[in-house]
Number of protein chains: 2
Amino acid sequence: MNVFVIGIGHIGGSMAIDIKAAFNEAKVYGIDKNEEHLDKSLSLGVIDEKSTYSSLSEADVVIIAIPVDVTVAELPKVLDEVNEHCLVFDVSSTKEQLCKVVSKHKNRRNYLATHPIAGTEFSGPEAAIANLFRDKTNIICEVEKTAFKLQEKAMNIFNRLGMRIRYMDPESHDKHIAYVSHLSHISSFMLGKTVIEKEKNERDIFDMAGSGFASTVRLAKSSPAMWAPIFEQNKENVIESLEEYIANLTQFKELMEHNDFSKIFQEMKETNYIKSILKGIA
Amino acid sequence: MNVFVIGIGHIGGSMAIDIKAAFNEAKVYGIDKNEEHLDKSLSLGVIDEKSTYSSLSEADVVIIAIPVDVTVAELPKVLDEVNEHCLVFDVSSTKEQLCKVVSKHKNRRNYLATHPIAGTEFSGPEAAIANLFRDKTNIICEVEKTAFKLQEKAMNIFNRLGMRIRYMDPESHDKHIAYVSHLSHISSFMLGKTVIEKEKNERDIFDMAGSGFASTVRLAKSSPAMWAPIFEQNKENVIESLEEYIANLTQFKELMEHNDFSKIFQEMKETNYIKSILKGIA
(Lines give C-alpha, C1' and ligand atoms only; values in the text may rest on other atoms or scores of the structure.)
Protein backbone atom coordinates (compact mmCIF):
# COMPACT_ATOMS: atom_id res chain seq x y z
CA MET A 1 0.00 0.00 0.00
CA ASN A 2 1.54 3.27 -1.17
CA VAL A 3 0.56 6.05 1.23
CA PHE A 4 1.41 9.62 0.28
CA VAL A 5 1.28 12.15 3.08
CA ILE A 6 1.20 15.79 1.98
CA GLY A 7 2.37 17.92 4.91
CA ILE A 8 4.53 16.05 7.44
CA GLY A 9 3.65 17.87 10.62
CA HIS A 10 1.99 16.94 13.91
CA ILE A 11 -1.08 15.33 12.32
CA GLY A 12 0.33 14.11 8.99
CA GLY A 13 3.46 12.74 10.62
CA SER A 14 1.59 11.03 13.46
CA MET A 15 -0.70 9.40 10.93
CA ALA A 16 2.32 8.18 8.94
CA ILE A 17 3.78 6.59 12.08
CA ASP A 18 0.53 4.80 13.00
CA ILE A 19 -0.15 3.58 9.46
CA LYS A 20 3.34 2.12 9.17
CA ALA A 21 2.83 0.37 12.51
CA ALA A 22 -0.64 -0.96 11.61
CA PHE A 23 0.01 -2.05 8.01
CA ASN A 24 3.12 -4.13 7.30
CA GLU A 25 2.78 -3.57 3.61
CA ALA A 26 2.46 0.21 3.85
CA LYS A 27 5.17 2.41 2.39
CA VAL A 28 4.88 6.08 3.29
CA TYR A 29 5.98 8.80 0.87
CA GLY A 30 6.27 12.36 2.11
CA ILE A 31 5.48 15.52 0.16
CA ASP A 32 6.17 18.89 1.77
CA LYS A 33 7.10 22.29 0.39
CA ASN A 34 9.38 22.67 3.39
CA GLU A 35 12.48 20.66 2.44
CA GLU A 36 13.80 20.76 6.02
CA HIS A 37 10.61 19.16 7.32
CA LEU A 38 10.96 16.43 4.71
CA ASP A 39 14.58 15.70 5.61
CA LYS A 40 13.74 15.77 9.29
CA SER A 41 10.83 13.35 8.91
CA LEU A 42 12.98 11.05 6.81
CA SER A 43 15.75 11.01 9.41
CA LEU A 44 13.19 10.46 12.19
CA GLY A 45 11.78 7.50 10.25
CA VAL A 46 8.36 9.15 10.05
CA ILE A 47 8.34 8.65 6.24
CA ASP A 48 10.10 6.07 4.08
CA GLU A 49 10.81 8.28 1.06
CA LYS A 50 10.49 11.81 -0.19
CA SER A 51 8.21 12.28 -3.17
CA THR A 52 6.38 14.81 -5.38
CA TYR A 53 2.99 15.33 -7.04
CA SER A 54 4.26 13.68 -10.23
CA SER A 55 4.23 10.30 -8.43
CA LEU A 56 0.69 10.65 -7.04
CA SER A 57 -0.71 8.34 -9.73
CA GLU A 58 1.01 5.46 -7.89
CA ALA A 59 -0.74 6.27 -4.62
CA ASP A 60 -3.26 3.95 -2.94
CA VAL A 61 -3.96 6.54 -0.25
CA VAL A 62 -3.23 10.28 -0.16
CA ILE A 63 -3.50 12.15 3.15
CA ILE A 64 -3.56 15.94 2.98
CA ALA A 65 -2.42 17.52 6.25
CA ILE A 66 -1.57 21.13 5.43
CA PRO A 67 -3.20 24.46 6.45
CA VAL A 68 -6.85 24.71 5.38
CA ASP A 69 -6.36 27.52 2.87
CA VAL A 70 -3.65 25.53 1.09
CA THR A 71 -5.83 22.42 1.24
CA VAL A 72 -8.59 24.22 -0.63
CA ALA A 73 -6.10 25.10 -3.38
CA GLU A 74 -4.32 21.73 -3.50
CA LEU A 75 -7.12 19.18 -3.10
CA PRO A 76 -8.47 19.61 -6.67
CA LYS A 77 -4.93 19.26 -8.05
CA VAL A 78 -4.38 16.08 -6.05
CA LEU A 79 -7.69 14.65 -7.31
CA ASP A 80 -6.53 15.46 -10.86
CA GLU A 81 -3.51 13.19 -10.40
CA VAL A 82 -4.76 10.09 -8.60
CA ASN A 83 -5.86 6.77 -10.06
CA GLU A 84 -9.43 5.53 -9.72
CA HIS A 85 -8.66 3.20 -6.76
CA CYS A 86 -6.92 5.85 -4.70
CA LEU A 87 -8.47 7.19 -1.49
CA VAL A 88 -7.78 10.86 -0.81
CA PHE A 89 -8.62 12.34 2.55
CA ASP A 90 -7.77 15.56 4.33
CA VAL A 91 -7.61 16.19 8.07
CA SER A 92 -8.48 19.87 8.26
CA SER A 93 -10.49 21.69 10.92
CA THR A 94 -13.01 23.21 8.51
CA LYS A 95 -15.06 21.23 6.04
CA GLU A 96 -17.68 23.36 4.27
CA GLN A 97 -15.49 25.26 1.81
CA LEU A 98 -13.47 22.17 1.04
CA CYS A 99 -16.53 20.06 0.21
CA LYS A 100 -17.81 22.89 -1.96
CA VAL A 101 -14.61 23.31 -3.95
CA VAL A 102 -14.56 19.66 -5.06
CA SER A 103 -18.32 19.12 -5.37
CA LYS A 104 -18.14 19.12 -9.18
CA HIS A 105 -14.72 17.49 -9.51
CA LYS A 106 -14.74 14.44 -11.79
CA ASN A 107 -12.89 12.49 -9.10
CA ARG A 108 -15.07 13.62 -6.19
CA ARG A 109 -15.72 9.95 -5.37
CA ASN A 110 -12.04 9.45 -4.52
CA TYR A 111 -12.24 12.02 -1.74
CA LEU A 112 -13.37 11.64 1.87
CA ALA A 113 -13.70 14.75 4.04
CA THR A 114 -12.47 13.98 7.58
CA HIS A 115 -11.53 15.84 10.73
CA PRO A 116 -9.68 13.81 13.32
CA ILE A 117 -10.03 15.74 16.60
CA ALA A 118 -6.58 14.93 17.85
CA GLY A 119 -4.40 18.00 17.44
CA THR A 120 -2.49 19.63 20.25
CA GLU A 121 -0.65 22.94 20.52
CA PHE A 122 2.43 21.35 18.93
CA SER A 123 3.40 21.44 15.26
CA GLY A 124 6.08 20.28 12.84
CA PRO A 125 7.56 16.80 12.15
CA GLU A 126 9.21 16.64 15.59
CA ALA A 127 5.67 16.66 17.02
CA ALA A 128 4.76 13.46 15.16
CA ILE A 129 3.98 10.77 17.75
CA ALA A 130 2.58 7.24 17.85
CA ASN A 131 -1.00 6.53 18.96
CA LEU A 132 -2.11 10.15 18.71
CA PHE A 133 -5.48 9.08 17.28
CA ARG A 134 -6.35 6.29 19.72
CA ASP A 135 -9.83 6.86 21.23
CA LYS A 136 -10.15 10.21 19.45
CA THR A 137 -13.19 11.28 17.44
CA ASN A 138 -12.95 11.44 13.65
CA ILE A 139 -15.71 13.43 12.00
CA ILE A 140 -16.58 12.43 8.48
CA CYS A 141 -18.61 14.68 6.19
CA GLU A 142 -20.60 13.79 3.05
CA VAL A 143 -19.64 10.11 3.33
CA GLU A 144 -22.23 9.24 0.69
CA LYS A 145 -20.23 11.15 -1.92
CA THR A 146 -17.25 8.82 -1.56
CA ALA A 147 -17.02 5.52 -3.48
CA PHE A 148 -18.09 2.50 -1.37
CA LYS A 149 -14.76 0.70 -1.71
CA LEU A 150 -12.87 3.81 -0.69
CA GLN A 151 -15.18 4.38 2.30
CA GLU A 152 -14.26 0.86 3.31
CA LYS A 153 -10.54 1.47 2.83
CA ALA A 154 -10.77 4.62 4.97
CA MET A 155 -12.72 2.89 7.76
CA ASN A 156 -10.15 0.13 7.86
CA ILE A 157 -7.40 2.70 8.41
CA PHE A 158 -9.34 4.68 11.01
CA ASN A 159 -10.30 1.52 12.90
CA ARG A 160 -6.71 0.34 13.02
CA LEU A 161 -5.72 3.78 14.36
CA GLY A 162 -8.34 3.37 17.09
CA MET A 163 -10.65 6.24 16.19
CA ARG A 164 -14.37 6.73 16.94
CA ILE A 165 -16.28 7.72 13.82
CA ARG A 166 -19.01 10.39 13.72
CA TYR A 167 -20.90 11.43 10.59
CA MET A 168 -22.00 15.00 10.03
CA ASP A 169 -22.79 17.43 7.25
CA PRO A 170 -20.04 20.00 6.58
CA GLU A 171 -22.18 23.03 7.55
CA SER A 172 -23.03 21.53 10.96
CA HIS A 173 -19.44 20.50 11.44
CA ASP A 174 -18.15 24.01 10.88
CA LYS A 175 -20.87 25.58 13.03
CA HIS A 176 -20.32 23.35 16.07
CA ILE A 177 -16.54 23.13 15.82
CA ALA A 178 -16.44 26.94 16.05
CA TYR A 179 -17.80 26.56 19.61
CA VAL A 180 -15.96 23.49 20.86
CA SER A 181 -12.60 24.21 19.28
CA HIS A 182 -12.04 27.44 17.37
CA LEU A 183 -13.41 29.71 20.13
CA SER A 184 -11.15 28.02 22.71
CA HIS A 185 -8.13 28.97 20.65
CA ILE A 186 -9.14 32.63 20.48
CA SER A 187 -9.98 32.78 24.19
CA SER A 188 -6.57 31.33 24.92
CA PHE A 189 -4.62 33.57 22.52
CA MET A 190 -6.34 36.70 23.81
CA LEU A 191 -5.85 35.67 27.44
CA GLY A 192 -2.15 35.21 26.69
CA LYS A 193 -2.05 38.58 24.93
CA THR A 194 -3.80 40.40 27.79
CA VAL A 195 -1.44 39.03 30.41
CA ILE A 196 1.72 39.52 28.34
CA GLU A 197 0.75 43.15 27.61
CA LYS A 198 0.13 43.82 31.28
CA GLU A 199 3.16 42.07 32.62
CA LYS A 200 5.73 42.46 29.84
CA ASN A 201 8.08 44.48 31.98
CA GLU A 202 7.65 42.32 35.03
CA ARG A 203 8.79 38.87 34.14
CA ASP A 204 8.93 37.86 37.78
CA ILE A 205 5.17 38.00 37.81
CA PHE A 206 4.96 34.76 35.89
CA ASP A 207 6.34 33.04 38.97
CA MET A 208 2.84 33.70 40.31
CA ALA A 209 1.20 31.75 37.53
CA GLY A 210 0.03 28.27 38.43
CA SER A 211 -1.22 25.25 36.55
CA GLY A 212 -4.62 26.89 36.01
CA PHE A 213 -3.11 29.72 33.99
CA ALA A 214 -0.94 27.26 32.07
CA SER A 215 -4.01 25.22 31.20
CA THR A 216 -6.11 28.14 29.96
CA VAL A 217 -3.35 29.65 27.79
CA ARG A 218 -1.93 26.36 26.52
CA LEU A 219 -3.56 26.76 23.10
CA ALA A 220 -1.85 30.14 22.65
CA LYS A 221 1.25 28.13 21.77
CA SER A 222 -0.49 26.92 18.61
CA SER A 223 0.78 27.60 15.10
CA PRO A 224 -0.52 30.89 13.58
CA ALA A 225 0.11 29.47 10.08
CA MET A 226 -2.41 26.76 10.83
CA TRP A 227 -4.94 28.85 12.75
CA ALA A 228 -5.25 32.14 10.84
CA PRO A 229 -6.63 30.27 7.77
CA ILE A 230 -9.04 28.26 9.96
CA PHE A 231 -10.52 31.48 11.37
CA GLU A 232 -10.73 32.89 7.84
CA GLN A 233 -12.54 29.85 6.45
CA ASN A 234 -14.93 29.62 9.36
CA LYS A 235 -15.36 33.37 9.69
CA GLU A 236 -19.15 33.62 10.13
CA ASN A 237 -19.42 30.88 12.74
CA VAL A 238 -16.37 32.02 14.67
CA ILE A 239 -17.57 35.63 14.79
CA GLU A 240 -20.95 34.45 16.08
CA SER A 241 -19.32 32.39 18.84
CA LEU A 242 -17.01 35.29 19.74
CA GLU A 243 -19.95 37.66 20.01
CA GLU A 244 -21.70 35.33 22.45
CA TYR A 245 -18.50 34.86 24.44
CA ILE A 246 -17.88 38.62 24.65
CA ALA A 247 -21.52 39.18 25.69
CA ASN A 248 -21.17 36.64 28.51
CA LEU A 249 -17.91 38.19 29.72
CA THR A 250 -19.46 41.66 29.60
CA GLN A 251 -22.47 40.48 31.57
CA PHE A 252 -20.14 38.92 34.15
CA LYS A 253 -18.26 42.21 34.45
CA GLU A 254 -21.53 44.10 34.91
CA LEU A 255 -22.64 41.72 37.63
CA MET A 256 -19.36 42.46 39.40
CA GLU A 257 -19.83 46.20 38.97
CA HIS A 258 -23.28 45.88 40.52
CA ASN A 259 -21.92 43.71 43.34
CA ASP A 260 -24.29 40.92 42.39
CA PHE A 261 -22.02 38.16 43.62
CA SER A 262 -24.90 35.82 44.40
CA LYS A 263 -25.80 35.83 40.69
CA ILE A 264 -22.13 35.28 39.87
CA PHE A 265 -22.14 32.33 42.26
CA GLN A 266 -25.22 30.98 40.50
CA GLU A 267 -23.69 31.38 37.02
CA MET A 268 -20.59 29.48 38.08
CA LYS A 269 -22.66 26.80 39.79
CA GLU A 270 -24.60 26.20 36.57
CA THR A 271 -21.43 26.15 34.50
CA ASN A 272 -19.98 23.47 36.80
CA TYR A 273 -22.17 21.21 34.65
CA ILE A 274 -19.11 21.18 32.38
CA LYS A 275 -17.73 18.49 34.73
CA SER A 276 -20.16 15.92 33.40
CA ILE A 277 -19.43 16.99 29.83
CA LEU A 278 -15.69 16.73 30.19
CA LYS A 279 -15.83 13.20 31.51
CA GLY A 280 -14.31 11.12 28.82
CA ILE A 281 -12.47 13.94 27.04
CA ALA A 282 -8.70 13.83 27.45
CA MET B 1 3.75 20.36 67.37
CA ASN B 2 0.00 20.95 67.50
CA VAL B 3 -1.22 22.01 64.08
CA PHE B 4 -4.78 23.22 63.70
CA VAL B 5 -6.17 23.33 60.20
CA ILE B 6 -9.35 25.35 59.76
CA GLY B 7 -11.07 24.17 56.57
CA ILE B 8 -10.11 20.64 55.51
CA GLY B 9 -10.44 20.91 51.74
CA HIS B 10 -8.06 20.59 48.81
CA ILE B 11 -5.46 23.03 50.18
CA GLY B 12 -5.95 22.64 53.93
CA GLY B 13 -6.14 18.86 53.69
CA SER B 14 -3.11 18.57 51.41
CA MET B 15 -1.13 20.73 53.79
CA ALA B 16 -2.18 18.51 56.70
CA ILE B 17 -0.95 15.42 54.84
CA ASP B 18 2.43 16.95 54.00
CA ILE B 19 3.00 18.35 57.47
CA LYS B 20 2.28 14.98 59.08
CA ALA B 21 4.73 13.36 56.66
CA ALA B 22 7.45 15.97 57.22
CA PHE B 23 7.19 16.38 60.99
CA ASN B 24 7.07 13.23 63.11
CA GLU B 25 6.01 15.15 66.16
CA ALA B 26 3.12 16.94 64.39
CA LYS B 27 -0.43 16.23 65.46
CA VAL B 28 -3.08 17.69 63.16
CA TYR B 29 -6.42 18.91 64.51
CA GLY B 30 -9.20 19.71 62.09
CA ILE B 31 -11.81 22.44 62.43
CA ASP B 32 -14.56 22.70 59.83
CA LYS B 33 -18.15 23.93 59.97
CA ASN B 34 -18.99 21.07 57.64
CA GLU B 35 -19.22 18.03 59.95
CA GLU B 36 -19.22 15.61 57.00
CA HIS B 37 -15.93 17.05 55.75
CA LEU B 38 -14.46 16.59 59.22
CA ASP B 39 -15.58 12.97 59.49
CA LYS B 40 -14.37 12.27 55.99
CA SER B 41 -10.94 13.76 56.61
CA LEU B 42 -10.67 11.83 59.86
CA SER B 43 -11.53 8.55 58.16
CA LEU B 44 -9.10 9.33 55.32
CA GLY B 45 -6.36 9.97 57.88
CA VAL B 46 -5.94 13.56 56.68
CA ILE B 47 -6.36 14.81 60.27
CA ASP B 48 -5.68 13.13 63.59
CA GLU B 49 -8.51 14.63 65.61
CA LYS B 50 -11.52 16.89 65.30
CA SER B 51 -11.35 20.10 67.28
CA THR B 52 -12.93 23.53 67.88
CA TYR B 53 -11.92 27.16 68.40
CA SER B 54 -11.96 26.64 72.17
CA SER B 55 -8.78 24.53 71.87
CA LEU B 56 -6.89 27.05 69.70
CA SER B 57 -4.85 28.24 72.70
CA GLU B 58 -3.01 24.90 72.55
CA ALA B 59 -1.99 25.41 68.94
CA ASP B 60 1.61 25.84 67.77
CA VAL B 61 0.46 26.47 64.22
CA VAL B 62 -2.96 27.45 62.83
CA ILE B 63 -3.60 27.19 59.10
CA ILE B 64 -6.71 28.93 57.76
CA ALA B 65 -7.87 27.42 54.48
CA ILE B 66 -11.46 28.58 54.00
CA PRO B 67 -13.10 30.94 51.46
CA VAL B 68 -11.61 34.44 51.49
CA ASP B 69 -14.71 36.21 52.77
CA VAL B 70 -14.92 33.83 55.72
CA THR B 71 -11.18 34.22 56.32
CA VAL B 72 -11.61 37.99 56.70
CA ALA B 73 -14.26 37.35 59.34
CA GLU B 74 -12.48 34.51 61.15
CA LEU B 75 -8.82 35.56 61.15
CA PRO B 76 -9.24 38.22 63.91
CA LYS B 77 -11.16 35.70 66.06
CA VAL B 78 -8.40 33.14 65.61
CA LEU B 79 -5.77 35.71 66.56
CA ASP B 80 -7.81 36.46 69.70
CA GLU B 81 -7.47 32.85 70.82
CA VAL B 82 -3.88 31.86 70.14
CA ASN B 83 -0.90 31.91 72.49
CA GLU B 84 2.09 34.16 71.88
CA HIS B 85 4.23 31.40 70.29
CA CYS B 86 1.62 30.33 67.81
CA LEU B 87 2.06 30.91 64.08
CA VAL B 88 -1.16 31.66 62.19
CA PHE B 89 -1.16 31.70 58.42
CA ASP B 90 -3.88 31.68 55.77
CA VAL B 91 -3.63 30.39 52.21
CA SER B 92 -6.13 32.59 50.42
CA SER B 93 -5.97 33.99 46.90
CA THR B 94 -6.40 37.63 47.92
CA LYS B 95 -4.25 39.42 50.45
CA GLU B 96 -4.98 43.15 50.61
CA GLN B 97 -8.24 43.13 52.58
CA LEU B 98 -6.95 40.44 54.91
CA CYS B 99 -3.79 42.35 55.80
CA LYS B 100 -5.91 45.45 56.36
CA VAL B 101 -8.38 43.77 58.70
CA VAL B 102 -5.67 42.60 61.10
CA SER B 103 -3.31 45.56 60.77
CA LYS B 104 -4.23 46.87 64.22
CA HIS B 105 -4.82 43.53 65.90
CA LYS B 106 -2.83 43.09 69.11
CA ASN B 107 -1.62 39.71 67.87
CA ARG B 108 -0.73 40.85 64.33
CA ARG B 109 2.79 39.51 64.87
CA ASN B 110 1.43 35.97 65.14
CA TYR B 111 0.05 36.16 61.61
CA LEU B 112 1.78 35.53 58.26
CA ALA B 113 -0.11 36.29 55.03
CA THR B 114 0.66 33.60 52.43
CA HIS B 115 -0.68 32.41 49.11
CA PRO B 116 0.58 29.02 47.96
CA ILE B 117 -0.09 28.89 44.21
CA ALA B 118 -0.98 25.23 44.17
CA GLY B 119 -4.75 24.93 43.84
CA THR B 120 -6.49 22.98 41.12
CA GLU B 121 -10.11 22.79 40.01
CA PHE B 122 -10.80 20.19 42.71
CA SER B 123 -12.20 20.85 46.18
CA GLY B 124 -13.20 19.09 49.40
CA PRO B 125 -11.30 16.67 51.67
CA GLU B 126 -11.27 13.92 49.02
CA ALA B 127 -9.10 16.27 46.94
CA ALA B 128 -6.41 16.36 49.64
CA ILE B 129 -3.22 14.86 48.20
CA ALA B 130 0.42 14.46 49.17
CA ASN B 131 3.15 16.65 47.66
CA LEU B 132 0.74 19.21 46.23
CA PHE B 133 3.09 22.04 47.20
CA ARG B 134 6.37 20.64 45.90
CA ASP B 135 8.09 23.15 43.55
CA LYS B 136 5.13 25.52 43.77
CA THR B 137 5.41 29.23 44.49
CA ASN B 138 4.33 30.56 47.86
CA ILE B 139 3.79 34.31 47.97
CA ILE B 140 4.30 35.94 51.32
CA CYS B 141 3.04 39.45 52.06
CA GLU B 142 4.14 41.88 54.76
CA VAL B 143 6.68 39.45 56.14
CA GLU B 144 8.19 42.20 58.29
CA LYS B 145 4.99 42.38 60.34
CA THR B 146 5.38 38.82 61.58
CA ALA B 147 7.52 37.97 64.62
CA PHE B 148 11.03 36.74 63.66
CA LYS B 149 10.66 33.38 65.39
CA LEU B 150 7.33 32.76 63.69
CA GLN B 151 8.75 33.74 60.28
CA GLU B 152 11.38 31.09 60.94
CA LYS B 153 8.80 28.51 61.96
CA ALA B 154 6.83 29.20 58.78
CA MET B 155 9.88 28.99 56.49
CA ASN B 156 10.79 25.68 58.05
CA ILE B 157 7.35 24.31 57.17
CA PHE B 158 7.34 25.75 53.64
CA ASN B 159 10.85 24.45 52.94
CA ARG B 160 9.93 20.96 54.10
CA LEU B 161 6.91 21.10 51.79
CA GLY B 162 9.25 22.02 48.91
CA MET B 163 7.92 25.49 48.12
CA ARG B 164 9.66 28.45 46.43
CA ILE B 165 9.17 31.65 48.42
CA ARG B 166 8.44 35.05 46.87
CA TYR B 167 7.88 38.25 48.87
CA MET B 168 5.43 40.89 47.73
CA ASP B 169 3.25 43.65 49.13
CA PRO B 170 -0.47 42.76 49.34
CA GLU B 171 -1.58 45.44 46.82
CA SER B 172 0.85 44.17 44.16
CA HIS B 173 -0.11 40.60 44.92
CA ASP B 174 -3.80 41.28 44.35
CA LYS B 175 -3.16 43.33 41.20
CA HIS B 176 -0.96 40.75 39.48
CA ILE B 177 -2.84 37.67 40.63
CA ALA B 178 -5.96 39.13 38.96
CA TYR B 179 -4.15 38.70 35.63
CA VAL B 180 -2.33 35.41 36.08
CA SER B 181 -5.06 33.58 37.98
CA HIS B 182 -8.42 35.24 38.56
CA LEU B 183 -8.94 36.27 34.90
CA SER B 184 -8.19 32.70 33.74
CA HIS B 185 -11.02 31.45 35.90
CA ILE B 186 -13.51 33.89 34.41
CA SER B 187 -12.37 33.22 30.84
CA SER B 188 -12.84 29.53 31.50
CA PHE B 189 -16.23 29.82 33.23
CA MET B 190 -17.60 32.07 30.49
CA LEU B 191 -16.23 29.83 27.74
CA GLY B 192 -17.98 26.90 29.39
CA LYS B 193 -21.17 28.92 29.69
CA THR B 194 -21.09 30.04 26.04
CA VAL B 195 -20.65 26.51 24.75
CA ILE B 196 -23.19 24.93 27.12
CA GLU B 197 -25.79 27.56 26.16
CA LYS B 198 -25.21 26.94 22.47
CA GLU B 199 -25.10 23.18 22.61
CA LYS B 200 -27.38 22.33 25.54
CA ASN B 201 -29.82 20.44 23.38
CA GLU B 202 -27.17 18.69 21.37
CA ARG B 203 -25.13 16.64 23.77
CA ASP B 204 -23.58 14.68 20.90
CA ILE B 205 -21.68 17.80 19.99
CA PHE B 206 -19.36 17.33 22.91
CA ASP B 207 -18.00 14.27 21.11
CA MET B 208 -16.39 16.90 18.89
CA ALA B 209 -14.54 18.49 21.77
CA GLY B 210 -10.87 17.60 22.04
CA SER B 211 -8.16 18.05 24.61
CA GLY B 212 -7.82 21.75 23.71
CA PHE B 213 -11.37 22.51 24.77
CA ALA B 214 -10.93 20.41 27.92
CA SER B 215 -7.84 22.39 28.81
CA THR B 216 -9.38 25.84 28.32
CA VAL B 217 -12.56 25.05 30.30
CA ARG B 218 -10.89 22.99 33.03
CA LEU B 219 -11.11 25.81 35.58
CA ALA B 220 -14.89 26.03 35.04
CA LYS B 221 -15.08 22.97 37.29
CA SER B 222 -13.87 25.10 40.21
CA SER B 223 -15.86 25.71 43.36
CA PRO B 224 -18.19 28.78 43.17
CA ALA B 225 -18.15 28.98 46.99
CA MET B 226 -14.43 29.61 46.80
CA TRP B 227 -14.36 31.83 43.71
CA ALA B 228 -17.31 34.21 44.09
CA PRO B 229 -15.73 35.72 47.26
CA ILE B 230 -12.33 35.99 45.53
CA PHE B 231 -13.86 38.03 42.71
CA GLU B 232 -15.67 40.16 45.27
CA GLN B 233 -12.53 40.88 47.31
CA ASN B 234 -10.43 41.62 44.26
CA LYS B 235 -13.19 43.45 42.43
CA GLU B 236 -11.28 46.48 41.08
CA ASN B 237 -8.33 44.53 39.74
CA VAL B 238 -10.46 41.77 38.26
CA ILE B 239 -12.74 44.26 36.49
CA GLU B 240 -9.70 46.01 35.03
CA SER B 241 -8.26 42.74 33.72
CA LEU B 242 -11.66 41.74 32.33
CA GLU B 243 -11.97 45.06 30.50
CA GLU B 244 -8.60 44.55 28.84
CA TYR B 245 -9.48 40.97 27.93
CA ILE B 246 -12.83 41.99 26.44
CA ALA B 247 -11.12 44.80 24.49
CA ASN B 248 -8.61 42.34 23.01
CA LEU B 249 -11.35 39.88 22.06
CA THR B 250 -13.38 42.67 20.48
CA GLN B 251 -10.39 43.86 18.49
CA PHE B 252 -9.78 40.29 17.30
CA LYS B 253 -13.40 40.05 16.18
CA GLU B 254 -13.11 43.36 14.32
CA LEU B 255 -9.97 42.20 12.55
CA MET B 256 -11.92 39.15 11.41
CA GLU B 257 -14.83 41.30 10.25
CA HIS B 258 -12.38 43.39 8.21
CA ASN B 259 -10.71 40.26 6.83
CA ASP B 260 -7.38 41.37 8.24
CA PHE B 261 -6.05 37.86 8.71
CA SER B 262 -2.44 38.90 8.29
CA LYS B 263 -2.79 41.09 11.38
CA ILE B 264 -4.49 38.16 13.14
CA PHE B 265 -1.54 35.98 12.15
CA GLN B 266 0.82 38.61 13.57
CA GLU B 267 -1.09 38.86 16.87
CA MET B 268 -0.97 35.11 17.34
CA LYS B 269 2.71 34.99 16.39
CA GLU B 270 3.53 37.56 19.07
CA THR B 271 1.42 35.75 21.64
CA ASN B 272 3.33 32.52 20.95
CA TYR B 273 5.87 34.19 23.27
CA ILE B 274 3.78 32.54 25.99
CA LYS B 275 5.76 29.34 25.23
CA SER B 276 8.86 30.74 26.87
CA ILE B 277 6.82 32.00 29.82
CA LEU B 278 5.11 28.69 30.42
CA LYS B 279 8.36 26.77 30.59
CA GLY B 280 8.64 25.68 34.14
CA ILE B 281 4.96 26.09 35.03
CA ALA B 282 3.15 22.83 35.54
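Naming convention: chains lettered A, B, ... in sequence-line order (proteins, then strands); numbering from 1 in each chain. Being a predicted model, the structure only gives us computed values, none of them experimental.
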Quiz item: What part of A:Ile139 gets closer than 4.5 Å to chain B, counting heavy atoms only: side chain, backbone, both or neither?
Solution: side chain
Quiz item: Between A:Phe231 and B:Phe252, does the ring centroid distance fall short of 6.0 Å?
Solution: yes
Exercise. Go through A:Gly192, A:Ala220, A:Ser222 and name the one with the most non-hydrogen pairs under 4.5 angstrom from chain B.
Key: A:Ala220
Quiz prompt | chain A contact via B:His185 - which portion, at a heavy-atom distance below 4.5 Å | solution = neither
Quiz item: Counting only heavy atoms not in B:Glu144, do more than 12 sit closer than 6.0 Å to its CD atom?
Solution: yes
Quiz prompt | Distance (rounded to the nearest 0.5 Å) between A:Phe206 CZ and B:Leu278 CG | solution = 8.5 Å
Quiz item: Relative to chain A, which of B:Val238, B:Val195, B:Ile186 shows the most heavy atom pairs under 4.5 Å?
Solution: B:Ile186
Quiz item: Who passes ring-ring contact (aromatic ring centres under 6.0 Å, His included) against A:His10, sequence neighbours left out?
Solution: none
Exercise. Considering non-hydrogen atoms only, spot the tightest contact between B:Phe213 and A:Ser184 and give its length.
Key: CD1-OG, 3.4 Å
Quiz prompt | Any pair counted as salt bridge (Lys or Arg N to Asp or Glu O under 4.0 Å), so long as it reaches residues 178-196 of chain B, sequence neighbours left out | solution = A:Glu267-B:Lys193, B:Lys193-B:Glu197
Quiz item: If you look at every heavy atom in A:Ala228 and B:Phe261, which pair is closest and at what distance?
Solution: O-CD2, 3.8 Å
Self-check item: Portion of A:Gln266 that has a non-hydrogen atom of chain B nearer than 4.5 angstrom
Solution: neither
Self-check item: Separation of B:Lys269 NZ from A:Phe189 CZ (nearest 0.5 Å)
Solution: 9.5 Å
Self-check item: B:Leu191 versus chain A, the contacting section by heavy-atom distance below 4.5 Å
Solution: both
Quiz prompt | Best-contacting candidate, A:Ser188, A:Ser223, A:Ser241, A:Ala225, against chain B by heavy atom pairs under 4.5 angstrom | solution = A:Ala225
Quiz item: Of all the residues in residues 112-126 of chain B, which have a heavy atom that comes within less than 4.5 Å of a heavy atom in chain A?
Solution: B:Ile117, B:Gly119
Self-check item: Separation between CE of B:Met268 and CE of A:Met226, rounded to the nearest 0.5 Å
Solution: 10.5 Å
Exercise. Please report the closest heavy-atom contact between B:Lys275 and A:Lys221, naming both atoms and the distance.
Key: CE-O, 3.3 Å
Quiz prompt | Pick from A:Asn272, A:Asn259, A:Ile239, A:Thr137 with the largest number of heavy-atom pairs that fall under 4.5 Å of chain B | solution = A:Asn272
Quiz item: What part of B:Thr250 lies closer than 4.5 angstrom to a heavy atom of chain A: side chain, backbone, both or neither?
Solution: both
Quiz item: Judged by modelled atom types alone, do A:Ser215 and B:Ser215 share a side-chain donor-acceptor pair under 3.5 Å?
Solution: yes
Quiz item: Once you round to the nearest 0.5 Å, how far does CD1 of A:Ile246 lie from OG1 of B:Thr194?
Solution: 10.0 Å
Quiz prompt | Neighbours of chain A found in residues 165-172 of chain B - heavy atoms under 4.5 Å | solution = B:Arg166, B:Met168
Practice problem: State, to 0.1 Å, how close B:Glu257 and A:Lys235 come at their nearest heavy-atom pair, and which atoms those are. | Solution: O-NZ, 3.6 Å
Self-check item: Top contributor to chain B interface from A:Ile196, A:Ile177, A:Leu219 [non-hydrogen pairs under 4.5 Å]
Solution: A:Ile196
Exercise. Pick one of side chain, backbone, both or neither for A:Ser181, based on which atoms fall under 4.5 Å of a heavy atom in chain B.
Key: neither
Exercise. Would you mind checking which part of B:Leu249 comes under 4.5 Å of any heavy atom in chain A, side chain (CB onward), backbone (N, CA, C, O), both or neither?
Key: both
Quiz item: Please walk me through it: do B:Lys253 and A:Met190 pass side chain to side chain contact (heavy atoms under 4.5 Å, CB included)?
Solution: CA-CA 11 Å; B:Lys253 182 175 81 81; A:Met190 291 302 101; over 6 Å; no
Quiz item: Which bit of B:Glu254 comes within less than 4.5 Å of chain A, counting heavy atoms only: side chain, backbone, both or neither?
Solution: neither
